[in-house]
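Here is the structure we will look at, set down as structure tokens.
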Amino acid sequence: MQRELIKHVLERDDFGSTVTVAGWVRTRRDSKGGFSFIELTDGSIITGLQVIADNELPNYESAVLRLSIGSAVRITGTLTESPAKGQRIEIKATEVEPFGLADPETYPLQKKRVSFERLREIAHLRPRTNTIGAVTRVRNSLSYATHRFYQDRDFLYLNTPLITASDAEGAGSMFRVSTIDPATAPRTSDGEIDYAEDFFGRPTFLTVSGQLSAETYALALDRVYTFGPTFRAENSNTRRHLAEFWMVEPEIAFADLNDDADLAEDYVTYLIRYVLENNETDLEFFNRWVDTDLLDRLHHVAESGFERITYTEAIGLLEPANDSFEFPVVWGDDLQSEHERYLTEQVFKRPVTVTDFPFAFKAFYMRRNDDGKTVAAMDVLVPGIGEIVGGSQREERLDVLADSMRIKGMDEDHYWWYLDLRRFGSAPHAGFGLGLERVVQFTTGMQNIRDVIPFPRTPRNAEF
RNA sequence: UCCGGGGUAGCUCAGUUUGGCAGAGCAGCGGACUGUUAAUCCGUUUGUCGUGGGUUCGAGUCCCACCCCCGGAGCCA
């Protein structure tokens with residue numbers, strides 16, 4: 001169907017030309033001067049296009065006056081310089097072709113602001129709002145920029161499995177994948193459900209990370225990245241957690257923790273600069289309506305970069321402020337949210353990369369440092385969100401890895417292929433995971449992660 | 001899962017302290033006005049007070065149980 005996207009129409013200045021647009025009515029205002037104003041949006045840009053519909057139109061009474069917020073319509077008209085403030089151009093309609101109308105008595109969206117909580121209950125209609133439309137465009141930009149960043153650096157895009165048999169990757173509870181009907185489940189002699197009879201002949205789950213799979217390809221093809229959905233069955237009820245979210249996981253061979261941190265910081269900086277350059281109108285909208293410090297903060301990060309400190313240095317910075325914390329700062333304990341916030345929001349006022357955490361509370365695959373106490377791990381923390389990146393240099397020494405697994409109480413037999421990577425042609429390598437939704441939050445100022453993914457999956461919520 | 005706050009008109013909320021006629025703004029609808037743009041002005045319709053029990057002459061309000069939402073914590077990205 002012939003029509004031009006509004007974002008392109010708004011750039012034209014060939015007044016007098018004929019243009020056709022299609023979209024959804026945002027508002028209609030009738031003038032007794034004998035015409036109506038129609039504001040039309042089509043999702044291509046946050047700005048609406050103003051259409052003047054004169055009552056000389058043959059279907060003015062039957063069509064134009066029935067257009068209310070949410071109605072779909074195609075309009076052909078003349079590109080005109082706008083005589084009034086508020087817009088540079090407008091369309092003087094010569095043809096108005098309505099599609100589906102929207103009964104204003106029952107259409108849930110209003111001209112006025114609708115709360116984000118309410119919009120989550122009508123997630124199928126919320127993409128029609130300014131905010132969710134802008135979030136969607138920024139999210140798209142971040143996805144595109146991700147591929148550009150890694151492709152430009154010779155990374156291979158790798159698809160790792162969503163269904164996995166590793167039941168202890170160490171990143172929280174998993175969703176079981178099964179074709180067994182609980183009512184007629186096959187049982188073992190001791191009464192347990194017999195997963196040997198299940199589809200894959202063993203217990204299987206939705207992945208909590210593609211990392212272990214990605215390592216196998218990094219140790220063959222040098223540099224890879226995954227970009228896909230990830231699942232956590234935790235009963236998390238916070239504005240920072242989802243049961244289904246999207247993660248980007250690069251994995252690089254012949255690299256140490258410093259290379260890893262460099263890559264993470266370059267990548268996040270690239271993302272921020274990309275949306276600053278390509279989503280200007282959306283970011284201005286967020287800066288005005290959602291978070292008035294947003295643009296200052298993004299420019300500041302894009303220019304001043306990241307602070308990088310070790311866990312031990314972080315403890316040293318936190319200890320003088322111990323009185324202000326609910327949880328005391330102790331070397332050997334993991335950093336609490338309040339500690340992370342203090343570092344990014346009070347001490348440095350910008351993103352902070354914390355490295356070299358104690359071995360005791362980190363994952364088995366992280367490379368043990370020479371001090372015997374810490375591992376080559378890193379977290380990238382940002383103001384307002386907390387952790388957006390978690391990564392490490394991987395343990396490439398077979399004997400040390402096996403030792404770590406024993407200490408963590410893991411069954412080496414389940415990881416025979418992972419250990420094989422260390423038996424044959426092992427090499428130093430590193431990687432990290434970046435939470436896409438948390439970056440969307442950081443770059444839009446949106447407070448709740450449920451509003452930066454099209455259809456959020458959280459405990460008790462899978463309606464849409 | 002734990003702690004705190006909340007659930008009353010289509011939406012946002014007041015009313016709960018001290019039990020006594022179910023309220024306001026916005027939206028919608030009707031009208032006025034106007035190159036308008038969160039338009040403005042006048043008029044007007046709208047209720048399973050989250051659900052189920054209980055106390056009481058009488059419960060939105062008090063008691064008990066449960067459900068859901070939001071924020072904080074934990075888990076993490």
Side-chain angles (χ1 to χ4, degrees), chain A residues 26-40 47-54 68-69 80-87 90 92 102-122 130 169-174 208-211 229-249 264 268 288-289 325-327 334-341 361-363 379-382 385-391 432-442 447-453 458-461 463:
Chain A
R26 183 54 56 80
T27 69
R28 189 196 83 224
R29 296 174 293 273
D30 303 322
S31 169
K32 280 298 182 293
F35 55 92
S36 295
F37 300 95
I38 300 166
E39 188 182 340
L40 203 67
T47 319
L49 178 66
Q50 176 157 287
V51 175
I52 311 299
D54 198 275
S68 55
I69 179 170
T80 313
E81 211 163 353
S82 181
K85 284 183 184 170
Q87 59 283 316
E90 60 192 30
K92 195 160 169 45
D103 180 3
E105 292 261 24
T106 52
Y107 188 62
L109 296 175
Q110 309 175 358
K111 255 184 279 192
K112 301 239 173 175
R113 183 190 160 85
V114 178
S115 69
F116 292 129
E117 289 85 354
R118 170 68 185 147
L119 289 177
R120 278 172 222 146
E121 297 170 2
I122 48 171
N130 283 332
E169 288 176 7
S173 307
M174 303 173 82
V208 295
S209 165
Q211 177 202 319
T230 306
F231 308 89
R232 304 277 165 88
E234 301 289 344
N235 189 12
S236 297
N237 293 286
T238 80
R239 60 183 182 85
R240 304 183 307 281
H241 291 87
L242 292 165
E244 176 183 291
F245 62 98
W246 286 67
M247 189 153 66
V248 178
E249 295 182 284
V268 173
R288 180 171 177 193
W289 296 104
F325 297 132
E326 183 184 351
F327 297 93
D334 204 355
L335 300 179
Q336 300 287 321
S337 283
E338 58 178 345
H339 305 147
E340 297 178 351
R341 278 202 308 275
F361 59 77
K362 285 296 188 181
D379 285 351
V380 176
L381 314 172
V382 298
I385 310 295
E387 186 177 346
I388 60 169
V389 166
F432 62 83
L434 171 137
L436 179 68
E437 286 76 17
R438 290 189 179 171
V439 180
V440 182
Q441 283 187 273
F442 186 68
Q447 289 294 299
N448 196 307
I449 200 166
R450 300 167 185 123
D451 300 323
V452 299
I453 187 168
T458 54
R460 297 176 300 279
N461 179 13
E463 172 82 9

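Note on naming: letters A, B, ... go to the chains in the order of the sequence lines (proteins, then strands), and numbering restarts at 1 for each one.
- Across all strands shown, B:A73 pairs with B:U1; the Watson-Crick or G-U wobble distances both stay below 3.5 Å.
- Among the heavy atoms of the strands, none lies under 4.0 Å from A:Ile385.
- At the phosphate of B:C70, OP1 or OP2 sits under 4.0 Å from a side-chain N or O atom of A:Arg120.
- Protein atom CD of A:Gln211 is 14 Å distant from nucleotide atom C1' of B:C76, rounded to whole Å.
- Applying the Watson-Crick and G-U wobble criteria (two distances, each under 3.5 Å), B:C26 pairs with B:G10.
- Taking 3.5 Å as the limit, the base of B:U45 and the side chain of A:Glu105 contain no donor-acceptor pair of atoms between them.
- Both geometric conditions, a ring-centre gap below 5.5 Å and a plane tilt below 30°, are not fulfilled together for A:Phe37 over the base of B:G35.
- With rounding to whole Å, A:Arg341 atom CZ is found 10 Å from B:A73 atom C1'.
- Across all strands, A:Ser82 comes closer than 4.0 Å to base atoms (heavy-atom distances).
- A:Arg28 comes within 4.0 angstrom of nothing in the nucleic acid, heavy atoms only.
- Residue A:Gln336 contributes atom CD, which lies 19 Å from atom P of B:C2 at whole-angstrom precision.
- Relative to the side chain of A:Glu387, the nucleotides B:U36, B:G35, B:A77 differ in distance, and B:A77 lies closest.
- Note on A:Arg113: nothing from the nucleic acid sits closer than 4.0 angstrom, heavy atoms only.
- Whole-Å rounding puts the A:Glu117 CD to B:C13 P distance at 8 Å.
- The phosphate of B:C26 (OP1 or OP2) has no side-chain N or O of A:Lys111 nearer than 4.0 angstrom.
- One can find a donor-acceptor pair under 3.5 Å joining the base of B:C76 and the side-chain atoms of A:Arg438.
- Between B:G72 and A:Arg239, a contact under 4.0 Å exists linking OP1 or OP2 to a side-chain N or O.
- For A:Arg232 and B:C76, the shortest distance from a side-chain N or O to OP1 or OP2 is not below 4.0 Å.
- Considering only side-chain N and O atoms, A:Asn237 lies nowhere under 4.0 angstrom from the phosphate OP1 or OP2 of B:C3.
- Here A:Leu436 lies out of heavy-atom contact (under 4.0 Å) with every strand.
- Pairing of B:C33, defined by two Watson-Crick or G-U wobble distances under 3.5 Å, is not identified with any nucleotide.
- Within the structure, a side-chain polar atom (N or O) of A:Arg450 is placed less than 4.0 Å from OP1 or OP2 of B:C70.
- When the side-chain nitrogen and oxygen atoms of A:Arg460 are compared with OP1 and OP2 of B:C70, none of them lie within a distance under 4.0 Å.
- Taking only distance into account, the side chain of A:Asp30 never meets the base of B:U36 through a donor-acceptor pair shorter than 3.5 Å.
- Using P as the reference atom, B:C68 and B:A22 are 31 Å apart when rounded to the nearest Å.
- Spacing of C1' atoms, B:A39 relative to B:A27, comes out at 15 Å, to the nearest Å.
- For B:U36, its base sits under 3.5 Å from the side chain of A:Gln50 at one donor and acceptor pair at least.
- If you measure from atom CG of A:Asp54 to atom P of B:U36, you get 16 Å, rounded to the nearest angstrom.
- Across all strands shown, A:Glu244 has no heavy atoms under 4.0 Å from either base or sugar-phosphate atoms.
- Within the structure, a side-chain polar atom (N or O) of A:Ser115 is placed less than 4.0 Å from OP1 or OP2 of B:U12.
- As judged by a 4.0 angstrom heavy-atom cut-off over every strand, A:Val439 is placed among residues making no nucleic acid contact.
- Using a 4.0 Å cut-off, some side-chain N or O of A:Ser337 falls inside it from OP1 or OP2 of B:G74.
- Taking side-chain N and O atoms only, A:Arg240 has a distance below 4.0 Å to OP1 or OP2 of B:A73.
- Under the Watson-Crick and G-U wobble criteria, each requiring two contacts below 3.5 Å, nucleotide B:A65 is paired to B:U51.
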